[in-house]
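Residues: numbered from 1 along the sequence shown.
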Amino acid sequence: MGGMFRFVAALFAAFGLIAGAPAARAQTAETRFAFVIGNDGYDGAPLATAANDAGLVAETLRGAGFDVTGARNLDQDTLRAAYREFLEKVAAAGPGAVAAIYLSGYGLQVEGENYLAPVGARIQRDADVPLNAIRLSDMTRSLASLPARAHIIVLDLAHAGPFGKLGQPLAPGLALVEADPNTLIAFNAASGVYAPPATGDYGPYARALAEMMRVPGLPLDEVFARVRTRVAELTRGAVVPWHQSKLDPAFRLLEAAPGAPTQEIATRDFSAARAKPIREFSAAEAYAAALDRDSIAGYEDFLAAFPASPYAKNVRGILAAQREAQTWRRSAGANNPNAYWSYLRRYPKGPHAPDARRRLARLTA
């Protein structure tokens, strides 16, 4: 797979997308606030890099002009109280505020809802999750209700944890969600997938975030598209992050310094590459392009053009996970017996099969 990684590295070098890119001044038109949590002190299952990752992201956001509220190893009550104070600051700043959240720790999903496991949580079975974990949709809806320039939600939570060992198993990773208006939401791994354990001082997702967020002049949607490609490079295709953006107009973390080269040429070149059919790339370039597009159609086009390439196995796995996640989301949205039976016929041993059975039992009762 070395060809693809050399291709991606060449793109980063050509467009200044490597760590150490010149610092640029942050935008000053908005008041910026960030809420950064790193939970690593879980009993019997500490997360090796969660606190370091939160510190790295907090430092990067400060460099982009954010007033950062940061904390480590919060229990449920303390985290809720700290978040309420954060929301009050954002609300007081008015519609010119920009609010960013970065949460690192163990995430859980049950029946289509995502949760953050606070430190000290006792979660032995699925029924314990709503009682002892923090439902992330409560946090995101509270934020979305505030008038602001932009909402940025980054969930570095798709890690295999020690929870839910009794009863019906929990689905892996995080559940696919829809971003609220004026919001970008991002996961460190694709829906329904765990990121492998991190090695070194920082996880690949936080490292890629810190690198890409320091590049001046990029729209935020482009930042996270390049984070996805960078993480795939760092993990040799083992992890493909996900994001969805409904920010309009485009939002930039950093503006280019006066007189400095802008990213217009880079953005234009990437836009042209995205319009180019997958089959017209080499296999290595096509793989990088498919990751950049991160769509079912893009992955299908890759497999149609390069079915025997060294990257085909990875693409088949990504494609299968995306199809399953979308099927489950449609079933959960319909929320009727026919939808859940349809999911179970297609994925009788799928990651959301226990969720489907739980809902069927409840609807039948």
Taking everything shown except Arg362 itself, do over 12 heavy atoms lie less than 6.0 Å from its CZ? yes
May I ask you to check whether over 12 heavy atoms, not counting those of Arg279, lie within 6.0 Å of atom CZ? no
Using a strict cut-off of less than 4.0 Å between a Lys/Arg side-chain nitrogen and an Asp/Glu carboxylate oxygen, indicate whether [X] and [Y] qualify as a salt bridge.
X      : Y      : answer
Glu59  : Arg62  : no
Arg228 : Asp292 : no
Asp77  : Arg80  : no

Apply side chain to side chain contact (heavy atoms under 4.5 Å, CB included) to the pair Leu303 and Leu319, showing each step before the final yes or no. CA-CA 10 Å; Leu303 290 175; Leu319 184 57; 3.8 Å; yes
Please confirm whether the backbone N or O of [Y] pairs with a side-chain atom of [X], one donor and one acceptor, at under 3.5 Å?
X      : Y      : answer
Arg32  : Ala64  : yes
Arg252 : Gly217 : yes
Asp126 : Gln168 : no
Arg72  : Ala50  : no
Thr364 : Leu360 : yes

Determine the minimum heavy-atom distance between [X] and [Y], stating which atoms define it.
X      : Y      : answer
Leu291 : Ala232 : CD1-CB, 3.4 Å
Ala34  : Phe86  : C-CE1, 3.6 Å
Phe302 : Ser309 : CZ-OG, 3.3 Å
Val36  : Ala54  : CG1-O, 3.4 Å
Gly203 : Ala198 : CA-CB, 3.8 Å
Thr78  : Leu74  : CG2-CD2, 3.9 Å

Between the side chains of [X] and [Y], is a donor N or O closer than 3.5 angstrom to an acceptor N or O?
X      : Y      : answer
Thr31  : Lys89  : no
Asp248 : Asn182 : no
Thr49  : Asn52  : no
His352 : Glu111 : no
Asp355 : Gln109 : no
Glu113 : Ser137 : yes
Tyr205 : Asp53  : no
Arg359 : Tyr340 : yes
His243 : Asp294 : no

Approximate separation, where rounding is to 0.5 Å, of [X] [atom1] and [Y] [atom2]:
X      : Y      : atom1 : atom2 : answer
Leu157 : Leu47  : CG    : CG    : 9.5 Å
Leu155 : Ile185 : CG    : CD1   : 5.0 Å
Leu79  : Asn39  : CG    : CG    : 6.5 Å
Ile134 : Asp75  : CD1   : CG    : 8.5 Å
Thr183 : Glu178 : OG1   : CD    : 11.0 Å
Leu254 : Arg214 : CG    : CZ    : 10.0 Å

Among the clusters formed by ILVMFWY side chains lying less than 4.5 Å apart, do [X] and [Y] turn up in the same one?
X      : Y      : result
Ile318 : Phe306 : yes
Phe224 : Leu218 : yes
Leu87  : Leu103 : yes
Ile101 : Leu56  : no
Leu247 : Val227 : yes

Does Phe35 have its ring centroid less than 6.0 Å away from the ring centroid of Tyr83? yes
Would you call the rings of Phe163 and Tyr42 parallel, tilted or perpendicular, taking 30° and 60° as the class edges? perpendicular
Kindly assign one of parallel, tilted or perpendicular to the pair His159 and Tyr106, based on the angle between their ring planes and the thresholds 30° and 60°.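 His159 and Tyr106: perpendicular rings.
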Are the side chains of [X] and [Y] in touch, meaning some heavy atoms are under 4.5 Å apart?
X      : Y      : value
Thr327 : Arg346 : yes
Arg293 : Ile278 : yes
Val231 : Val240 : no
Asp40  : Val119 : no
Thr69  : Glu85  : no
Lys246 : Asp180 : no
Phe33  : Val98  : no
Leu253 : Leu220 : yes

Are Asn132 and Tyr115 close enough, and set up right, to give a side-chain hydrogen bond (donor to acceptor under 3.5 Å, both in side chains), and what steps lead you there? CA-CA 10 Å; Asn132 297 316; Tyr115 296 82; over 6 Å; no
I would like to know whether Leu108 and Leu170 meet side chain to side chain contact (heavy atoms under 4.5 Å, CB included); could you show each step before the answer? CA-CA 8 Å; Leu108 306 159; Leu170 301 175; 3.9 Å; yes
Verify side chain to side chain contact (heavy atoms under 4.5 Å, CB included) between Arg323 and Ile296, making sure each step is shown before the conclusion. CA-CA 8 Å; Arg323 285 172 171 163; Ile296 286 178; 4.1 Å; yes
Output, in order, the C-alpha distance, side-chain angles, deciding distance and verdict of salt bridge (charged side-chain N to carboxylate O under 4.0 Å, His left out) for Arg84 and Glu88. CA-CA 6 Å; Arg84 281 195 297 270; Glu88 288 170 2; over 6 Å; no
Would Ser191 and Leu174 satisfy side chain to side chain contact (heavy atoms under 4.5 Å, CB included), going step by step from the backbone distance to the final call? CA-CA 5 Å; Ser191 175; Leu174 299 173; 5.8 Å; no
